[in-house]
2 protein chains.
Amino acid sequence: MALKVRKNQSKLPPEQCPLTECMSVLGGAWTPNLIWYLSAAPRRFSELRVDMPGISAKILTTRLRDLEAKGVIFREVKPTSPPSVEYSLTELGAELIPAIAAIVKVGHKLKMLHGKE
Amino acid sequence: MALKVRKNQSKLPPEQCPLTECMSVLGGAWTPNLIWYLSAAPRRFSELRVDMPGISAKILTTRLRDLEAKGVIFREVKPTSPPSVEYSLTELGAELIPAIAAIVKVGHKLKMLHGKE
DNA sequence: GAATGAAGTTTCCATTTGGTAACTAAAAGA
DNA sequence: TCTTTTAGTTACCAAATGGAAACTTCATTC
């Protein structure tokens with residue numbers, strides 16, 4: 001009988017792995033872009049939609065809620081004319097910036113070598 | 001009539017964005033882990049399966065092929081008893097290490113604050 | 001009192017993703 | 001010749017992902 005590679009119970013990249021843990025935060029579509037824009041300045045919902053043309057309201061909401069739950073961003077309702085909501089990075093969120101900056105840096109090299117322009 | 005947010009033609013994070021470009025390389029399941037293991041030493045297919053218990057042969061093959069096509073890893077067939085295949089990072093692949101290292105670093109902080117252990 | 005703008009929510013749907021299991025090919029060893 | 005090992009491939013399937021469009025709520029403004 002052929003050697004069976006024994007089945008594994010975990011099936012996913014290990015939860016306790018820092019790499020996997022962090023990628024689960026940065027993973028979804030638009031997520032790094034969103035954090036990147038918020039690192040420049042606090043932004044409102046509709047401003048973020050302009051920052052990232054193409055993102056749907058549904059996904060933007062999902063990302064904002066998820067990142068808030070993870071303690072990465074902070075949500076504040078401002079008592080303005082029609083009440084607006086401002087999002088900003090928390091201290092934890094700010095810790096993600098070096099990682100995203102490193103990704104951006106490599107992204108430039110990839111673009112040059114891959115000639116996507 | 002309600003204001004319609006005009007439909008957008010792009011629908012996806014912009015291709016020319018370095019962040020999106022790089023995330024498309026690091027994006028798939030197991031990808032950062034795979035690059036991380038290869039950064040330590042060149043590895044064979046079956047060794048990588050041991051390194052990452054839980055990864056399926058199908059996905060490992062897919063990742064290796066994709067990363068090879070993107071110039072991130074190098075594939076070499078060794079003329080051994082049953083021929084073995086060794087994978088290693090290219091120079092371009094090595095450029096990804098600082099980014100992954102930065103992600104790992106934040107991952108540790110996330111783990112501590114989130115208490116996932 | 002109808003319209004407007006902000007910030008979502010909900011429904012529906014197609015695509016993508018990744019897992020399991022079984023199968024293949026080539027070469028060497030018993 | 002039959003089995004083992006390495007390195008995959010293929011078929012099938014279920015869950016997750018994310019987009020489009022329409023609807024909602026609340027408070028102001030015309």
Side-chain angles (χ1 to χ4, degrees), chain A residues 1-14 20 23-34 42-69 73-88, chain B residues 1-14 20 23-34 42-68 73-87:
Chain A
M1 190 189 301
L3 167 77
K4 297 270 181 178
V5 175
R6 66 192 179 287
K7 196 160 47 169
N8 189 280
Q9 31 270 64
S10 69
K11 292 168 184 167
L12 286 169
T20 307
M23 287 305 289
S24 83
V25 173
L26 299 180
W30 303 97
T31 308
N33 309 266
L34 173 54
R43 295 295 261 171
R44 289 185 302 118
F45 188 89
S46 51
E47 290 176 319
L48 290 167
R49 293 198 71 179
V50 174
D51 289 340
M52 297 175 285
I55 196 174
S56 65
K58 177 189 156 190
I59 291 300
L60 181 53
T61 303
T62 306
R63 292 293 169 264
L64 291 168
R65 294 287 177 276
D66 288 354
L67 291 174
E68 191 191 1
I73 66 178
F74 173 67
R75 178 177 188 271
E76 186 187 9
V77 180
K78 300 259 187 178
T80 53
S81 52
S84 60
V85 181
E86 188 174 87
Y87 295 93
S88 52
Chain B
M1 188 188 304
L3 167 75
K4 299 267 181 179
V5 175
R6 67 192 177 288
K7 197 161 46 170
N8 187 280
Q9 31 269 65
S10 69
K11 292 169 185 169
L12 286 169
T20 306
M23 286 306 288
S24 82
V25 173
L26 298 181
W30 303 98
T31 308
N33 309 266
L34 174 54
R43 293 296 261 172
R44 289 184 300 120
F45 187 89
S46 51
E47 290 176 319
L48 290 166
R49 294 199 70 180
V50 174
D51 289 341
M52 296 176 284
I55 195 174
S56 65
K58 177 187 154 188
I59 292 300
L60 181 52
T61 303
T62 306
R63 291 294 169 263
L64 291 168
R65 294 285 177 278
D66 288 354
L67 291 174
E68 191 191 359
I73 66 178
F74 174 66
R75 178 178 187 270
E76 185 188 9
V77 180
K78 300 260 188 176
T80 53
S81 52
S84 60
V85 181
E86 191 175 86
Y87 295 94

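FYI, side chains are in, hydrogens and waters are out, and symmetry mates aren't considered; it's all heavy atoms of this structure. In what follows, chains carry the letters A, B, and so on, assigned in the order in which the sequence lines appear, proteins first and then strands, with residues in each chain numbered from 1.
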Protein-nucleotide distance (B:Leu60, atom CG; C:dT20, atom P), rounded to Å: 14 Å

Have a look at B:Ser46 and say if it touches a base, only the backbone sugar-phosphate, or nothing, with a 4.0 Å heavy-atom cut-off. sugar-phosphate

Please state how far atom CZ in B:Arg49 lies from atom P in D:dT9, giving the value in whole angstrom units. 13 Å

Expressed as a whole number of angstroms, how long is the span from A:Met23:CE to D:dA16:P? 19 Å

As an exercise, state the distance from CD of A:Glu68 to CZ of A:Phe74, rounded to the nearest 0.5 Å. 8.5 Å

Could you tell me whether the phosphate oxygens of C:dG8, OP1 or OP2, come under 4.0 Å of any side-chain nitrogen or oxygen in A:Tyr87? yes

Where do A:Leu64 and A:Leu34 land on the side chain to side chain contact (heavy atoms under 4.5 Å, CB included) test, with the steps shown first? CA-CA 9 Å; A:Leu64 291 168; A:Leu34 173 54; 4.0 Å; yes

Residues two or more places apart in sequence or in another chain: which of them pass salt bridge (charged side-chain N to carboxylate O under 4.0 Å, His left out) with B:Asp66? none

Between P of D:dT9 and CG of B:Leu64, the distance in whole Å: 10 Å

Supply the atom-to-atom distance B:Met52 CE to B:Glu47 CD, rounded to the nearest 0.5 angstrom. 11.0 Å

Going 5' to 3' through nucleotides 9-14 of chain C and flagging B where a protein heavy-atom sits under 4.0 Å of the base, S where only the sugar-phosphate is that close, and - otherwise, we get BBBB--

Under 4.5 Å between any side-chain heavy atoms of B:Trp30 and B:Leu60, yes or no? no

Quickly work out the B:Trp30 CH2 to C:dG19 C1' distance and round it to whole Å. 11 Å

Per atom distances to the A:Arg75 side chain, the nearest of D:dT6, C:dA7, C:dG19 is C:dA7

Would you please confirm or rule out a distance under 4.0 Å between OP1 or OP2 of C:dG18 and any side-chain N or O of B:Arg63? yes

B:Ile59 side chain: which of C:dT20, C:dG18, C:dG8 is closest? C:dG18

